[in-house]
Student: 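Below you will find the structure I want to go over with you.
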2 protein chains.
Amino acid sequence: MTAETLSPDILKPVWTDLPRLPGLNWRVHAWQRVGYEVSVVRGLLSPDDPTLAHACGADGTAVKRCFVVVDETVDSLYGEALHDYFTAWRIEPEWHSVPGGEDSKELDHVVEMTDAMMRMGILRRSERVVAVGGGACLDLAGMTASLYRRGVPYVRVPTTLLGQVDAGVGVKTGINHGNHKNRLGTYYAPETTLIDPEFLRTVEPRHITNGLAEIIKMALVVDPALFSLLERSVPGLDADAFADGGPLPVEVISRAIAGMLDELEPNLWETVLERAVDYGHTFSPSLELLADPPLLHGEAVAIDMAVCVALAHGRGMLSLHDTERALGLIRAAGLPLTDPVFTADLLTGALADAVKHRDGLQRVPLTSGIGRADFVNDITPREITRALEFVASYAEGAHGVRVPESEGAAS
Amino acid sequence: MTAETLSPDILKPVWTDLPRLPGLNWRVHAWQRVGYEVSVVRGLLSPDDPTLAHACGADGTAVKRCFVVVDETVDSLYGEALHDYFTAWRIEPEWHSVPGGEDSKELDHVVEMTDAMMRMGILRRSERVVAVGGGACLDLAGMTASLYRRGVPYVRVPTTLLGQVDAGVGVKTGINHGNHKNRLGTYYAPETTLIDPEFLRTVEPRHITNGLAEIIKMALVVDPALFSLLERSVPGLDADAFADGGPLPVEVISRAIAGMLDELEPNLWETVLERAVDYGHTFSPSLELLADPPLLHGEAVAIDMAVCVALAHGRGMLSLHDTERALGLIRAAGLPLTDPVFTADLLTGALADAVKHRDGLQRVPLTSGIGRADFVNDITPREITRALEFVASYAEGAHGVRVPESEGAAS
């Protein structure tokens, strides 16, 4: 119970009975260590694989409780397999199902989960929250785990491509509020993230495409080799390809995660607001929830990326050739390039909110070549209008690319 | 944007184009630095004192916005003085009033505050939340500040004695849920805490007493010199005494804060669950909100402390003399020793919840002498019954202290 202390901020020690001298001014300093693992493990639900059991703190000899959060899709497709696995390892799950999807990221579900954890009487450190589901389910479960008694440990098992390369990789949790994505949230690392590509076999095509958007993002801002891989493989990168494995899809997922972790680790709490991984996340956070019919997260990111590709081209940062490659890859992946809600006015408003999020500056990452990002702070409404026109023109006919007037493309 | 990375957890580098090698397993490591100041500053609202303005990021030359959260008491008593101060320093406050008191620590108020921050369009890093109020107001504002965009900076100005020696000192925020104190919350350090004892002049006697409970707690578990000071001064330690200053009340506040920070700093995220500062906080978190008429936080803590003093005495950890001194000081401060809701049954239930909070063990701090705490894990319902009887008997007549049968007092 005696404290290790640093030198107090007062000049002369008069008292010696307290480690920290009484006075009128004190400075508190501490470092919090955060560490977690991200692993790709095939056959996670096979009873002869101990990985998930160990992550739950179970060894099969004694009964172990955990609080399991699944989304409805996982519940119906994998509920039985999960129960069988838990039974085999003597894990007693307290089962909690949430709707899943972006709509489920609301405060009401945090409260319901809190109530269920209270009924279970989860222990604060040795019993874990285990979230198995898509990105929204992980964000919601992570947020609740971070708040319950100021934090109980949690384990993430992302079951969608977006979850496996994005939501499951970092430390951000969150819920939406007032049509704004993740307006409330926390930074809260899981103990571990377990990624089983076999879950992807049951993911519908639109949701595979959704995840490809975040992979394309990583390729565009940090990984030209991944970009080339995607160009070679995208039309065939479907659910079965990911689930079956094989060098190419394994390489795609592995590079996407590695690139993401490289960007996140030195800036885990977003001390630096210039983040390459925010590519495609400048306009989309304000517009994703406004679109009708609704856009998936990756779809909104794809449209944002298309605008940013055109903005970069308009500024001479990206050659016409690379611009066409970038827009071409987004389209080849089956992602949209435009949406009626992405108007110049709404994009300008969304940028204003991004400026608040980025503390007064735009800090918009734009590609300066495939696989490289630079930050700009002076995007104008006029530029946005032109970028939209450029993308629309590209989208109308793949071959009819028109260089925006007066700005001139770089070579 | 290039990342500083640690050695990846795979054996042989095959790729060299990414800093972190692609593979199937990655380990993420990072340290978060947390630092904040706690200062006692008299005359904080005097326009010639720059401390609060500087804490708001203002220097009087340019307009600076901040989001000001006050509780209703502060609003009515100090609203005008605060406005005058802000005007003098060219601070434009976005004003948000909350009810204050334990009842205000609910999710609805987090949402209202979030909405107000969205309307203001607070910048994420350079505009601050400034909370001026009692402990509940600080807990609520701190929680909202920690969640809004995953954290905006905040400044705390505690205006009650409890706030100044307890809620304003550490890094815990929280709201109550399901009759449980702080069931949801975060660890989130303010940038600074500014303590002006002059606010205490308008604090009603019951709330001064409320704060004394936490000061007595620190004396009982870590600071025998503070205990002696309190014994000498308690009947006169009223609002005016604290507000006027003078060596004794200054010393009392200063020692209480210094002792608290000593305990908190090496264990800021409660990695170690044996916390001396949890003294008086074993039974009270479950019972404080059940009492009718309601108990203030410090009152519930006082009754919990009285039970713990008797438990220590019953175990021979605390002499009869020191037991009487401890109970005597709690009573002399004007704090209750008993309450109808603190029955043996409810205490046993509260202990069971504390066991969950302390991850499966009781870890109850008990005084082993004035100013020293040891932890026990084997308190029985029978002991609790006897401890209650002991306190009741003491409370009925100061001189009629009865040593609990069979357990025998230590010398």
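In what follows, chains carry the letters A, B, and so on, assigned in the order in which the sequence lines appear, proteins first and then strands, with residues in each chain numbered from 1. Because the structure is predicted, anything quoted here is derived from the model rather than measured. These values consider heavy atoms only, across backbone and side chains, with no hydrogens, waters or symmetry-generated copies.
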Student: Using a 4.5 angstrom heavy-atom cutoff, name the option from B:Val355, B:Asn182, B:Ile175 with the most pairs to chain A.
Tutor: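 When all of B:Val355, B:Asn182, B:Ile175 are compared, B:Asn182 has the most.
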Student: Hey, could you give me the OG/CG distance between A:Ser254 and B:Leu24, rounded to the nearest 0.5 Å?
Tutor: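 The CG atom of B:Leu24 is 6.0 Å from OG of A:Ser254, to the nearest 0.5 Å.
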Student: Are the side chains of A:Trp31 and B:Gln32 in contact, using a 4.5 Å heavy-atom criterion?
Tutor: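 B:Gln32 vs A:Trp31: side chains apart.
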Student: About how many Å separate NE2 of A:His29 and CD of B:Glu265, when rounded to the nearest 0.5 Å?
Tutor: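 The CD atom of B:Glu265 sits 8.0 Å away from the NE2 atom of A:His29.
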Student: Roughly how far apart are A:Tyr187 OH and B:Thr186 OG1, rounded to 0.5 Å?
Tutor: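 Between atom OH of A:Tyr187 and atom OG1 of B:Thr186 there are 13.0 Å.
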Student: Just so I know, are the side chains of A:Val40 and B:Asn25 near enough to count as touching, which here means a heavy-atom distance under 4.5 Å?
Tutor: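 No. Closest side-chain heavy atoms not under 4.5 Å.
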Student: Measure distances from B:Thr173 to the heavy atoms of chain A and classify the residue's part below 4.5 Å as side chain, backbone, both or neither.
Tutor: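 Interface part for B:Thr173: backbone (N, CA, C, O).
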Student: So, A:Arg149 and B:Asp359, do they make that salt bridge, N to O below 4.0 Å?
Tutor: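 No.
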Student: Do you know the tightest heavy-atom contact between B:Ile122 and A:Lys356?
Tutor: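 Heavy atoms only, the tightest pair is O-CB, 4.1 Å.
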Student: By a 4.5 Å heavy-atom criterion (distance strictly below it), what part of B:Met143 contacts chain A: side chain, backbone, both, or neither?
Tutor: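 The answer is the side chain of B:Met143.
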Student: What part of B:Thr271 gets within 4.5 angstrom of chain A, counting heavy atoms only: side chain, backbone, both, or neither?
Tutor: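 The backbone, not the side chain.
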Student: Which of the residues A:Gly185, A:Ala352, A:Gly35 is involved in the greatest number of heavy-atom pairs with chain B at under 4.5 angstrom?
Tutor: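 Sorted descending by pairs with chain B, the first entry is A:Gly185.
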Student: Taking A:Glu127, A:His180, A:Glu270 one by one, which has the highest count of heavy-atom pairs under 4.5 Å against chain B?
Tutor: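 Result: the option with the highest number of such pairs is A:Glu270.
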Student: Would you give the length of the straight line joining atom CZ of B:Arg33 to atom CH2 of A:Trp269, rounded to the nearest 0.5 angstrom?
Tutor: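 Going from the CZ atom of B:Arg33 to the CH2 atom of A:Trp269 covers 13.0 Å.
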Student: Any side-chain heavy-atom pair from A:Glu37 and B:Trp26 closer than 4.5 angstrom?
Tutor: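 When only atoms from C-beta onward are counted, B:Trp26 and A:Glu37 do not touch, as no gap falls below 4.5 Å.
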Student: Do the side chains of B:Met118 and A:His177 get nearer than 4.5 Å, heavy atoms only?
Tutor: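 They are in side-chain contact.
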Student: Using side-chain heavy atoms (C-beta onward) and a distance below 4.5 Å, is B:Val28 in contact with A:Leu264?
Tutor: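 No, side chains not in contact.
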Student: I'd like to verify something: which residue of A:Asp374, A:Val34, A:Ile253 has the highest number of heavy-atom pairs under 4.5 Å with chain B?
Tutor: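 Of the candidates given, the most pairs with chain B belong to A:Val34.
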Student: CG of B:Leu147 to OG of A:Ser146: how many Å apart, nearest 0.5 Å?
Tutor: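 Going from the CG atom of B:Leu147 to the OG atom of A:Ser146 covers 7.5 Å.
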Student: Quick one: CZ on A:Arg124 to CG on B:Leu273, what's the gap to the nearest 0.5 Å?
Tutor: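 That separation rounds to 5.5 Å.
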Student: Could you tell me which portion of A:Leu268 (side chain, backbone, both or neither) has an atom closer than 4.5 angstrom to a non-hydrogen atom of chain B?
Tutor: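 Contact with chain B involves the side chain of A:Leu268 alone.
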Student: Is it the side chain or the backbone of A:Asp353 that comes within 4.5 Å of chain B heavy atoms, both, or neither?
Tutor: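 Looking at A:Asp353, backbone and side chain both touch chain B.
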Student: Quick check on the interface: out of A:Gly121, A:Gly178, A:Gly360, who has the most heavy-atom pairs with chain B under 4.5 Å?
Tutor: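 Top count of heavy-atom pairs under 4.5 Å with chain B: A:Gly121.
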